[in-house]
Protein chains: 2
Amino acid sequence: MAKSGKKSDAGKGAAAPRPFGGVRRATSYDVAKLAGVSQSAVSRCFAPGGSIAPATREKVMKAATELGYRPNALAQALITRRTNLVAVFISRLTNLHYPEVLAELSRQLTDRDIRVLLFALTAESEIDLLLEQVWRHDVDGIISAARLDDEQIAGIRRHGIPIVLYNRTAGEHLTPSVWCDSAAGERDLVDRLLAAGHRRFAVVAGPQDSAVGEERRLATLARLAEAGIHDVPVTRGDFSYASGREAVATLAGAATPPDAVVCVSDVMAIGAIDGCRFDLGLKVPEDVSVVGFDGSEPAGWMSYQVTSIRQPVRRMTAAAVEMLLERIEDPTLPAERRSFVGAFVPGQSARL
Amino acid sequence: MAKSGKKSDAGKGAAAPRPFGGVRRATSYDVAKLAGVSQSAVSRCFAPGGSIAPATREKVMKAATELGYRPNALAQALITRRTNLVAVFISRLTNLHYPEVLAELSRQLTDRDIRVLLFALTAESEIDLLLEQVWRHDVDGIISAARLDDEQIAGIRRHGIPIVLYNRTAGEHLTPSVWCDSAAGERDLVDRLLAAGHRRFAVVAGPQDSAVGEERRLATLARLAEAGIHDVPVTRGDFSYASGREAVATLAGAATPPDAVVCVSDVMAIGAIDGCRFDLGLKVPEDVSVVGFDGSEPAGWMSYQVTSIRQPVRRMTAAAVEMLLERIEDPTLPAERRSFVGAFVPGQSARL
DNA sequence: CTGTTAGCGCGTTCAC
DNA sequence: GTGAACGCGCTAACAG
């Protein structure tokens, strides 16, 4: 009976008439009063380069800890015009590669004392509505691993909010971005497949509006064309396991079934491998080679061991964060695109 | 030459001396002036139940759209004490089940016009430091799918910030939470395994500080004990694929190797299956049955088809959001725990 | 229904 | 080095 069990049901409806059910937080005025100084002195104590006498600082700090005072981020932001908030747009959070990206971005931003305002897009998300929220919240910058159209990019520019794109491209204008050079990766994979004697290729591409997907598809076809291989069948998926599996079923129906399937993502490659094995009764890699892209974790699991290209997520996210912070400090910095090449992952899903 | 290319390199260093490199946003005063009304009239126009004459409203709205005005969320929050911000704590974002949870939480909160302040915990995250940020930002509430200790929970309570735990428990005090009733699920799985004739059980558990992991371990062992099966070997993993794989290697070294392995998560079950097949040369489910828990997407892939229990993520996240919003509206609501039972997923990884 | 007034909590001049 | 005064952009009383 001594320690009151739950938080707020002592005496039924007779709850103490506290302002908001929460305790009023201490303000800099409260601290000032207790310390016997002015409010501005308190402010200077918590400012980076505030000129304050050691003695005063001590009094203030003592009072501050006593009251559990912390500067209110809202008031601070309202006046300094810095929220230390970065909006992160991310799509397909359930698609296995993005959680890793998000985790890294979050970690790196947190390390730099910046908070993440998350916008996880679903298929039906109205990006424009989300952007409204972004304006209203005065974020310092945006990192987008989601597709933005020209109109939206223009709006962001108009608002003067720095943005960095992650594995995305914006239409006309050059926009700061980090990019995994899929072209180099696909060329690498294709060359290895060619060297191992593969000739009957097929591509499992992504949706048309996916920049990375398209770059990968085009790079693959271009390299094959250079090698004299044309009319390569292409099936489009949506980066899902199911779509990869269905894709190979489609491709297998062709006159000359492929002996090498290039998938533009690991998850689709995994789907393709299962499709080959379970739907078509083919052996991978003996009967058909399958390669992917990304280097997601499940691609390394023993049952798949996807031959792939691993994106350097750590370095890419670090670059994105760095580029963004630079532009928050100095918005006049010109746009820039930083490309990274991925690393070949041998795997076992391709006969090389 | 007409359309200026990049944003800010026209004329080299001779960039126009704009305030912040960004355009100053229109304030309610600007709108008021343009519309020929008072600033408070503008405010009322954007307030839910503001009493305003249709004629005035029209004038204001016209001026507002012309200037691209939107109420500043910071100033608004400073005065109303409502930020429409919810902090979401989440751990192990790379562990396949959490991205789905996060995506759902984000979607549901966004639908209710609430923004997500993300705190993705890494192994070394100092939660107390993150909580500092939470105080400073005046979030309206917290949803935590990460472990919080008594001290931290007490701090949150002291600050009067509503919180809902997601598949976590807090020590002494009852804290609002949603929970997937793992006990019911594990009993279900064990019963089915027993009915199919399994007798030599083993458990791949989680870390000791994982509440769900422990509940699942204990429920499994309890049910087995009821059936007269004791001394069941237990190996602990960390919810990773690798740990599941290693676990079965360990278990196989015992005098009587198991014919049924109960893993407390799908990813570990996947690791266990691969361990059986590739390290031990066993057939799953012919030689040994493996069951998991969660219902993560990869568990359904053809190569694994894990027999498992699927958490009702949609309903659980919806409940979490609802409980939180209720408590934001009325902080005096008593703590409450809502449990959900998962659905059996037949799969093919257990001989049933 | 409207405008005036007073803050929300803080950073920042500017005299002292 | 310090404090008084002002303002960031807005909502909430209040009088008209």
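Model, not experiment: these values are computed from the prediction.
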Is a salt bridge present between B:Arg81 and B:Asp138, judged by a nitrogen-to-oxygen distance below 4.0 Å?
no
More than 12 foreign heavy atoms under 6.0 Å from NZ of A:Lys59: is that the case here?
yes
Closest to the 5' end of DNA chain C, once B:Thr56 and B:Tyr29 are matched to their nearest nucleotides, is B:Thr56
For B:Asn84 and D:dC10, what is the distance between atoms CG and C1' respectively, to the nearest whole Å?
15 Å
Whole angstrom is fine here: how far is it from CD1 in B:Ile79 over to P in D:dA12?
7 Å
Winner on side-chain proximity to A:Gln39, out of D:dC8, D:dA5, D:dT11, is D:dA5
Around A:Arg314, counting heavy atoms of other residues, nucleotides and ligands shown, do more than 12 lie under 6.0 Å from its CZ?
no
Rounded to whole Å, the NZ-P distance (B:Lys33 to D:dG9) equals 12 Å
Categorize A:Val37 for me: base, sugar-phosphate, or nothing, with a 4.0 angstrom heavy-atom threshold over every strand shown.
sugar-phosphate
Cationic N near anionic O, under 4.0 Å, B:Glu132 to A:Arg115:
no
Separation of D:dC10 P from B:Leu78 CG (nearest whole Å)
12 Å
If you look at every strand shown and take non-hydrogen atoms under 4.0 Å, does B:Ser51 touch a base, only sugar-phosphate, or nothing?
base
Let me know the distance between CZ of B:Phe46 and P of D:dC10, rounded to the nearest Å.
9 Å
What is the distance, rounded to the nearest whole Å, between atom CG of B:Asp30 and atom P of D:dC8?
11 Å
Given D:dT11, is OP1 or OP2 found less than 4.0 Å from the side-chain N or O atoms of B:Arg82?
no
Sorted by position of nearest nucleotide on DNA chain C, 5' first, the leading residue of A:Gln76 and B:Arg44 is B:Arg44
When we call it a touch if two heavy atoms are under 4.0 Å apart, what does B:Arg57 touch: a base, just sugar-phosphate, or nothing?
nothing
In a check of side-chain contact (heavy atoms from CB on, under 4.5 Å) between B:Val178 and each of B:Glu322, B:Met323, B:Arg315, B:Arg168, which one passes?
B:Met323
Between A:Phe46 and A:Tyr69, what is the ring plane arrangement, given parallel below 30°, perpendicular above 60°, and tilted in between?
perpendicular
Nucleotide range of DNA chain C lying under 4.0 Å from chain A heavy atoms
C:dG9 to C:dT12
Measure the acute angle between the ring planes of B:Phe89 and B:Phe119, then classify it against the limits of 30° and 60° as parallel, tilted or perpendicular.
parallel
Closest-nucleotide mapping onto DNA chain D: is B:Ala47 or A:Ile52 further toward the 5' terminus? I mean the 5' end.
A:Ile52
Between the base of D:dG3 and the side chain of A:Ser40, is there any donor-acceptor pair under 3.5 Å?
yes
Could you state the CG-C1' distance from B:Asn72 to D:dT11, rounded to the nearest angstrom?
13 Å
Once you apply a heavy-atom cut-off of 4.0 Å, does B:Tyr69 come out as touching a base, just sugar-phosphate, or nothing?
sugar-phosphate
